[in-house]
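The chains referred to below are lettered A, B, ... by the order of the sequence lines, with proteins before strands, and numbering in each begins at 1.
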There are 2 protein chains.
Amino acid sequence: MQFFKFKQSGVCIVITIKEIADMLGISTTTVNNVIHGKTNQVSQKTIEKVQKVIEEYEYVPNMNARNLAQNKSKIIGFAMKAKSEKYEKNALKDTFISELVGAVEKSLRISGYFLMIYISEDLKQIINYVSTWNVDGLILFGMIGDDCILLKSKVSKPMVFIDSYFSEEVMEYINVGLKDLQGGYDITRYLLDCGHRRIGFVADNCLGADKERFLGYKQALREQEIAYRDKDFFLITPGEKELEKCLKDLLEYTKGYTALFCVSDYYAVIIMNYLRDHGKRIPEDISIAGFDDNAYARIVRPSLTTIHQDVSQKGEIAVEKILKLVNGEDIEERIIILPTELIVRQSVKMLKK
Amino acid sequence: MQFFKFKQSGVCIVITIKEIADMLGISTTTVNNVIHGKTNQVSQKTIEKVQKVIEEYEYVPNMNARNLAQNKSKIIGFAMKAKSEKYEKNALKDTFISELVGAVEKSLRISGYFLMIYISEDLKQIINYVSTWNVDGLILFGMIGDDCILLKSKVSKPMVFIDSYFSEEVMEYINVGLKDLQGGYDITRYLLDCGHRRIGFVADNCLGADKERFLGYKQALREQEIAYRDKDFFLITPGEKELEKCLKDLLEYTKGYTALFCVSDYYAVIIMNYLRDHGKRIPEDISIAGFDDNAYARIVRPSLTTIHQDVSQKGEIAVEKILKLVNGEDIEERIIILPTELIVRQSVKMLKK
DNA sequence: TTGAAAGCGCTAACAC
DNA sequence: GTGTTAGCGCTTTCAA
């Protein structure tokens with residue numbers, strides 16, 4: 001039985017290859033060939049006939065069918081672990097994440113791929129997600145060593161990591177990272193050069209990139225023969241209430257310091273505003289330095305002295321790499337380390353020596 | 001021929017229903033029934049056997065196959081038009097958008113749906129996207145009247161609009177909106193109450209929500225019998241260079257005004273910083289008011305007097321509505337209008353009367 | 001230059 | 001309780 005669909009205004013019909021073939025009394029193979037531009041196999045006449053119908057009926061391929069048949073999708077997954085409370089609410093409220101995702105989205109779109117975001121605390125769910133959608137490739141943010149190993153062992157699809165650190169011996173990973181240690185060193189060095197001697201380090205963990213920044217901080221201290229004491233690491237806890245408590249503690253804590261190096265602008269800005277709202281003058285009473293140079297850094301007053309990184313570039317490179325892998329191309333540079341730059345603004349006071 | 005897959009460490013195998021059935025010497029229907037919890041049809045013994053294999057081999061359904069068979073997906077599309085230059089680069093750099101998308105992502109994730117973002121200047125591409133992925137539902141942001149009509153005529157899937165305005169007679173639309181006019185009125189009224197008489201309005205267009213805010217602005221002026229002149233509308237142009245030029249013009253323009261009502265905090269903050277960097281004191285030389293109460297509003301100094309809206313709530317409601325529609329449930333409230341609230345901070349000067 | 005047909009993995013109507 | 005089977009729309013091999 002032949003079944004023809006007729007174009008009607010106001011009614012939404014999706015036409016299939018088979019229907020086009022039936023309408024024209026030809027085979028699906030031929031229609032398919034025209035759709036895929038394998039026109040050397042098809043007569044000019046047929047091509048035109050088919051194209052006319054395609055246009056008129058606005059044929060659009062069914063991705064699910066295509067993917068099923070080809071065992072692939074046009075989807076690149078962007079997966080991240082929802083670190084505890086921090087991102088459980090709304091990961092994209094962190095401008096770092098949103099800029100990164102935005103850059104990835106845009107790059108993929110330009111290349112004809114689709115982005116699917118997947119956020120979960122549970123790595124197993126992320127792994128399931130990959131196979132359930134048969135994602136062509138995965139961009140992973142914020143994974144630490146063990147995660148990477150598990151992922152590598154469970155996922156056979158191409159993967160590109162962003163901001164991950166893993167041991168040297170497993171170099172088959174692809175990672176787009178940053179000179180985190182260098183950045184941590186540079187900003188601490190700057191604080192030291194400004195005459196600061198009591199410098200607190202603020203972070204919500206000591207893993208991955210944050211750990212590297214911390215190591216850079218310690219290295220700079222060491223060079224100036226300043227002893228690092230455990231209490232110089234101020235651990236902040238994400239999550240509404242916990243954060244509130246931390247900030248309160250911090251108010252007391254800062255009394256022993258002239259400067260604070262916050263591992264990210266995200267926290268630097270929160271802390272800066274909190275301290276100021278509680279009577280501290282910045283940078284007169286306490287200097288604040290950040291890391292990332294996010295959108296807030298320029299906007300807060302005093303504007304934030306920080307380490308700049310190009311977040312969009314991270315996303316773009318990650319996409320470039322993943323698409324190469326998806327297309328079976330070889331990747332020469334597997335570990336990309338982007339540079340950092342010290343941005344001196346107004347949140348750090350120059351102490352008299 | 002039977003084909004068994006064996007679980008091996010380090011190798012990633014995806015098992016199918018058919019394979020489970022073959023391994024156990026039962027039918028796919030039975031396996032399927034167990035997977036879908038239709039256990040009243042299956043003996044306890046079989047259930048256990050199947051569940052054991054599912055667990056051991058980590059069965060995960062193939063979405064493409066499932067979607068194809070069921071003629072649906074678990075995807076909700078979030079589509080927006082890339083307004084000219086503004087979002088072409090990275091839409092998520094606008095905190096309004098990223099918070100909205102983040103909230104949508106989170107709500108969908110909790111409900112077991114997947115989000116696919118689709119940004120395009122071209123509405124036709126958005127329409128194609130819907131059918132190519134057979135998206136279950138669409139959340140649309142930033143569409144104006146004509147867009148909505150076209151979408152309605154071309155897309156048969158459930159749709160929920162965010163921040164759209166359309167004429168009264170087409171009430172079958174679902175829209176999650178805001179008291180934009182009221183908000184525009186309130187903030188202008190506040191400026192007037194502070195003694196301002198020359199108030200400029202700044203926006204990059206005069207459509208949709210921005211238009212409503214503009215109408216609110218005009219209404220407040222009218223009430224105080226202040227004449228609105230065309231030149232009181234300062235049109236700003238997005239895009240790197242154009243924006244730069246606009247800001248320069250604005251510097252001159254502000255001479256005729258004591259206050260500026262910017263249609264969004266996004267612009268308010270940019271303008272505020274620019275003016276200050278060029279020697280204007282805020283609010284002494286010129287007062288600035290915004291709209292949205294985004295993350296920057298609290299952070300800039302002087303902090304921004306603005307109209308608050310709950311962006312995450314918009315996203316959450318949109319998801320709630322779209323899922324109801326997807327599930328064939330009835331929607332009682334089709335036009336949701338969220339409230340606004342005046343937030344007085346420090347960017348507006350109280351003039352002596 | 002064109003066509004027939006098998007198959008991707010899952011679902012669901014129907015039969016036993 | 002369990003099994004058979006036809007399809008979802010597209011791709012692709014092989015044959016004509």
Side-chain angles (χ1 to χ4, degrees), chain A residues 1-3 5 13-50 53-54 57-74 128 130-136, chain B residues 1-3 5 13-51 53-54 57-74 128 131-136:
Chain A
M1 191 199 80
Q2 278 194 320
F3 176 56
K5 288 183 177 175
I13 309 167
V14 177
I15 200 172
T16 68
I17 288 187
K18 174 137 200 336
E19 283 161 3
I20 296 177
D22 287 351
M23 282 174 70
L24 262 31
I26 59 178
S27 78
T28 60
T29 312
T30 305
V31 177
N32 198 32
N33 281 143
V34 175
I35 287 170
H36 289 88
K38 296 176 189 166
T39 44
N40 52 340
Q41 308 268 358
V42 190
S43 75
Q44 194 54 37
K45 227 183 193 165
T46 319
I47 294 175
E48 279 162 19
K49 275 199 302 187
V50 174
V53 178
I54 285 179
Y57 288 80
E58 294 171 331
Y59 168 79
V60 171
N62 179 320
M63 280 292 184
N64 286 131
R66 181 178 279 185
N67 295 343
L68 183 59
Q70 297 196 127
N71 188 32
K72 60 177 190 178
S73 61
K74 274 278 180 181
N128 280 357
V130 174
S131 38
T132 208
W133 281 105
N134 200 12
V135 152
D136 282 344
Chain B
M1 193 199 80
Q2 277 195 321
F3 175 59
K5 289 181 176 176
I13 309 166
V14 177
I15 201 173
T16 68
I17 288 188
K18 174 136 201 336
E19 283 159 2
I20 296 177
D22 287 350
M23 283 174 69
L24 263 30
I26 59 176
S27 78
T28 60
T29 309
T30 306
V31 177
N32 200 28
N33 280 143
V34 175
I35 288 169
H36 288 88
K38 296 177 189 165
T39 44
N40 52 338
Q41 308 269 358
V42 191
S43 74
Q44 193 56 37
K45 228 185 195 164
T46 318
I47 294 176
E48 280 163 18
K49 274 199 301 186
V50 173
Q51 273 172 344
V53 176
I54 285 179
Y57 288 79
E58 291 171 332
Y59 168 79
V60 170
N62 179 320
M63 279 294 181
N64 286 129
R66 181 178 280 183
N67 294 342
L68 182 59
Q70 298 197 125
N71 187 31
K72 60 177 189 175
S73 61
K74 274 279 180 181
N128 280 356
S131 38
T132 207
W133 281 104
N134 198 13
V135 153
D136 282 344

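Using a 4.0 Å heavy-atom cutoff across all strands shown, T30(A) reaches sugar-phosphate atoms only and no base atom. Within 4.0 Å (heavy atoms only), S43(A) reaches sugar-phosphate atoms of the nucleic acid but no base atom. Note on T46(A): only backbone sugar-phosphate atoms sit closer than 4.0 angstrom, heavy atoms only; bases stay farther off.
Partners of N32(A) by side-chain hydrogen bond (donor to acceptor under 3.5 Å, both in side chains), not counting sequence neighbours, listed by chain and number: H36(A). Under the side-chain hydrogen bond (donor to acceptor under 3.5 Å, both in side chains) criterion, S43(B) pairs with T46(B), not counting sequence neighbours. Scanning for side-chain hydrogen bond (donor to acceptor under 3.5 Å, both in side chains) contacts around Q70(A) gives an empty result, with sequence neighbours left out. Residues passing the side chain to side chain contact (heavy atoms under 4.5 Å, CB included) test with N128(B) are V60(A), sequence neighbours excluded. For S27(B), the side-chain hydrogen bond (donor to acceptor under 3.5 Å, both in side chains) criterion is met by T30(B), not counting sequence neighbours. The side chain to side chain contact (heavy atoms under 4.5 Å, CB included) check on E48(B) picks up Q44(B), with sequence neighbours excluded.
The shortest distance between side-chain heavy atoms of I54(B) and I20(B) falls below 4.5 Å. Residues N62(A) and R66(A) are not in side-chain contact: their nearest non-hydrogen atoms beyond the backbone lie 4.5 Å or more apart. Looking only at side-chain heavy atoms (C-beta outward), V50(A) and I26(A) come within less than 4.5 Å of each other. Contact of the I35(B) side chain with the V31(B) side chain is registered, since non-hydrogen atoms from C-beta on lie closer than 4.5 Å. Between Y57(A) and E19(A), every side-chain heavy-atom pair lies at or beyond the 4.5 Å cut-off. At a threshold of 4.5 Å between non-hydrogen side-chain atoms, the residues N134(B) and N67(B) do not count as touching.
The 5' end of DNA chain D is approached more closely, in terms of each residue's nearest nucleotide, by V42(B) than by the other of Y59(A) and V42(B).
For the side chain to side chain contact (heavy atoms under 4.5 Å, CB included) with Y59(A), the qualifying choice from V14(A), I15(A), V53(A) is I15(A), the only one to do so.
Axis angle, first five pairs versus last five pairs of the helix from dT1(C)-dA16(D) to dC16(C)-dG1(D): 40°, rounded to 10°.
Near DNA chain C, meaning a heavy atom under 4.0 Å from it, residues 31-38 of chain B has N32(B), H36(B) in order of number. For DNA chain C, the neighbouring residues in residues 63-71 of chain B, judged by any heavy atom under 4.0 Å, are A65(B), R66(B), A69(B), Q70(B).
Among all heavy-atom pairs drawn from P61(A) and T132(B), the shortest one is O-OG1, 2.6 Å. The two atoms that bring W133(B) and K74(A) nearest to each other are CH2-N, 4.4 Å, heavy atoms only.
If you walk DNA chain D from 5' to 3' and mark each nucleotide with an atom closer than 4.0 Å to a heavy atom of chain B, the marks span dG1(D) to dG9(D). The footprint of chain B on DNA chain C, defined by a heavy-atom cutoff below 4.0 Å, extends from dG9(C) to dA13(C).
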